Amino acid sequence: VLGPAVIVAPAAMAGRVGNPGTAEVQVAEDIRVSLPDALLAAAAEPATARALLLALALEADAESRERQLAFLARELGEGIAATTRDLGRVVDDLQPIQRIPALLRLFPALHRLTREERTRLLSCLNALLVREGRVSIHGYALRKLAQVQLRDEMERSGLPGNRSLE
């Protein structure tokens, strides 16, 4: 589905950050159009985007995944666990290069969750990722991106440049 990888020498990488070439733009477009329709539909709505985020965090092996889904059922309810299980099948079909772009598609819908729902989701995601006693590089990146993207805008209001003179 996707073309060959773009190979860049480490020393040349710094010059390319924020300045992609034609080949990199084409690879990004190929990845974007390769995302399955079921994933795009799930990413559009807050309830299914939440389950898709959790599906992206599920372990690949069946035993670990069943423990994680049981944890989700206890923490967030059977409905979310069932939707996460169903979307796990969509996630399982993704190529590794599609996983982060799929994750990034979720954030607009997840921002429509209430602050309380986002806090609960992040707490559950953190617990889910450490339950098996190890965290993969993918799990770490997923958690960090979710934390940065979903933290409440109120937390950012205290940053310099966001304060009023009152």
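Nothing here was measured: the structure is a model prediction, and the numbers come from that model. The figures that follow rest on heavy atoms only: side chains count, while hydrogens, waters and symmetry mates do not.
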(request) Go through Leu150 and Leu113 one step at a time and tell me if the side-chain contact (heavy atoms from CB on, under 4.5 Å) criterion holds. (result) CA-CA 9 Å; Leu150 296 179; Leu113 295 171; over 6 Å; no
(message) Quick one, Arg118 with Arg151, criterion side-chain contact (heavy atoms from CB on, under 4.5 Å). Give me CA distance, side-chain angles, the key distance, then yes/no.
(response) CA-CA 8 Å; Arg118 284 182 286 166; Arg151 82 174 149 223; over 6 Å; no
(message) Treating Arg143 as the side-chain partner and Leu125 as the backbone partner, does any N or O pair qualify as donor plus acceptor under 3.5 Å?
(response) no
(request) Return the minimal non-hydrogen interatomic distance between Ala127 and Phe71, and the atom names on each side. (result) CB-CZ, 3.5 Å
(message) Looking at Glu63, is its backbone amide N or carbonyl O close enough to the side chain of Glu66 to form a donor-acceptor pair, meaning the two atoms are under 3.5 Å apart?
(response) no
(request) Answer yes if the side chains of Arg120 and Ser123 hold a donor-acceptor pair under 3.5 Å, and no otherwise. (result) no
(message) Around atom CD of Glu29, are there more than 12 heavy atoms from other residues, nucleotides or ligands closer than 6.0 Å?
(response) yes
(request) Measure the spacing between CG of Leu52 and CG of Leu39 and express it to the nearest 0.5 Å. (result) 5.0 Å
(request) Take atom CD of Gln147 as the centre, draw a 6.0 Å sphere, and report whether it contains more than 12 heavy atoms from other residues, nucleotides or ligands. (result) yes
(message) Let me confirm one number: the CG-NE2 distance from Leu56 to His138, rounded to the nearest 0.5 Å.
(response) 5.5 Å
(request) Show the numbers, then the answer: is there a salt bridge (charged side-chain N to carboxylate O under 4.0 Å, His left out) between Glu45 and Arg50? (result) CA-CA 8 Å; Glu45 295 299 323; Arg50 174 177 31 200; over 6 Å; no
(message) When you measure from the side chain of Gln68 to the backbone of Glu59, do you find a donor-acceptor pair of N or O atoms at a distance under 3.5 Å?
(response) yes
(request) State, to 0.1 Å, how close Ala57 and Leu142 come at their nearest heavy-atom pair, and which atoms those are. (result) CB-CD2, 3.7 Å
(request) Please check if atom CG in Asp37 has more than 12 non-hydrogen atoms from other residues, nucleotides or ligands closer than 6.0 Å. (result) no
(request) Evaluate the side-chain proximity of Leu54 to Thr83: yes if any heavy-atom separation is below 4.5 Å, no if none is. (result) no
(message) I'd like to know if Val90 and Leu40 are part of one continuous hydrophobic network [Ile/Leu/Val/Met/Phe/Trp/Tyr, side-chain heavy atoms within less than 4.5 Å].
(response) yes
(message) Would Leu35 and Gln98 count as a side-chain contact (heavy atoms from CB on, under 4.5 Å) here? Give the steps.
(response) CA-CA 7 Å; Leu35 294 174; Gln98 294 174 298; 3.9 Å; yes
(request) Work out which heavy atom in Thr114 is nearest to a heavy atom in Glu117; give both atom names and the distance. (result) N-OE1, 2.8 Å
(message) Would you compute the distance between atom CG of Leu106 and atom CG of Leu53 and round it to the nearest 0.5 angstrom?
(response) 6.0 Å
(request) Hey, could you give me the CZ/NE2 distance between Phe107 and His111, rounded to the nearest 0.5 Å? (result) 7.0 Å
(request) With side-chain contact (heavy atoms from CB on, under 4.5 Å) as the test, would you mind laying out the steps for Arg32 and Arg105 before giving the verdict? (result) CA-CA 10 Å; Arg32 186 187 69 77; Arg105 296 296 292 248; 3.9 Å; yes
(request) Mind listing the closest non-hydrogen atom pair of Cys124 and Leu72 along with its distance? (result) SG-CD2, 3.4 Å
(request) Indicate the atoms forming the closest heavy-atom contact of Ala43 with Ala109, along with that distance. (result) O-CB, 3.2 Å
(request) Mark yes or no for whether Arg65, through its side chain, and Ala60, through its backbone, hold a donor-acceptor pair below 3.5 Å. (result) no
(message) Minimum heavy-atom separation for Ala55 and Gly88, please, with both atom names.
(response) CB-N, 3.7 Å
(request) Please check if Val91 and Leu104 belong to a single hydrophobic cluster, counting links between Ile, Leu, Val, Met, Phe, Trp and Tyr side chain heavy atoms closer than 4.5 Å. (result) yes
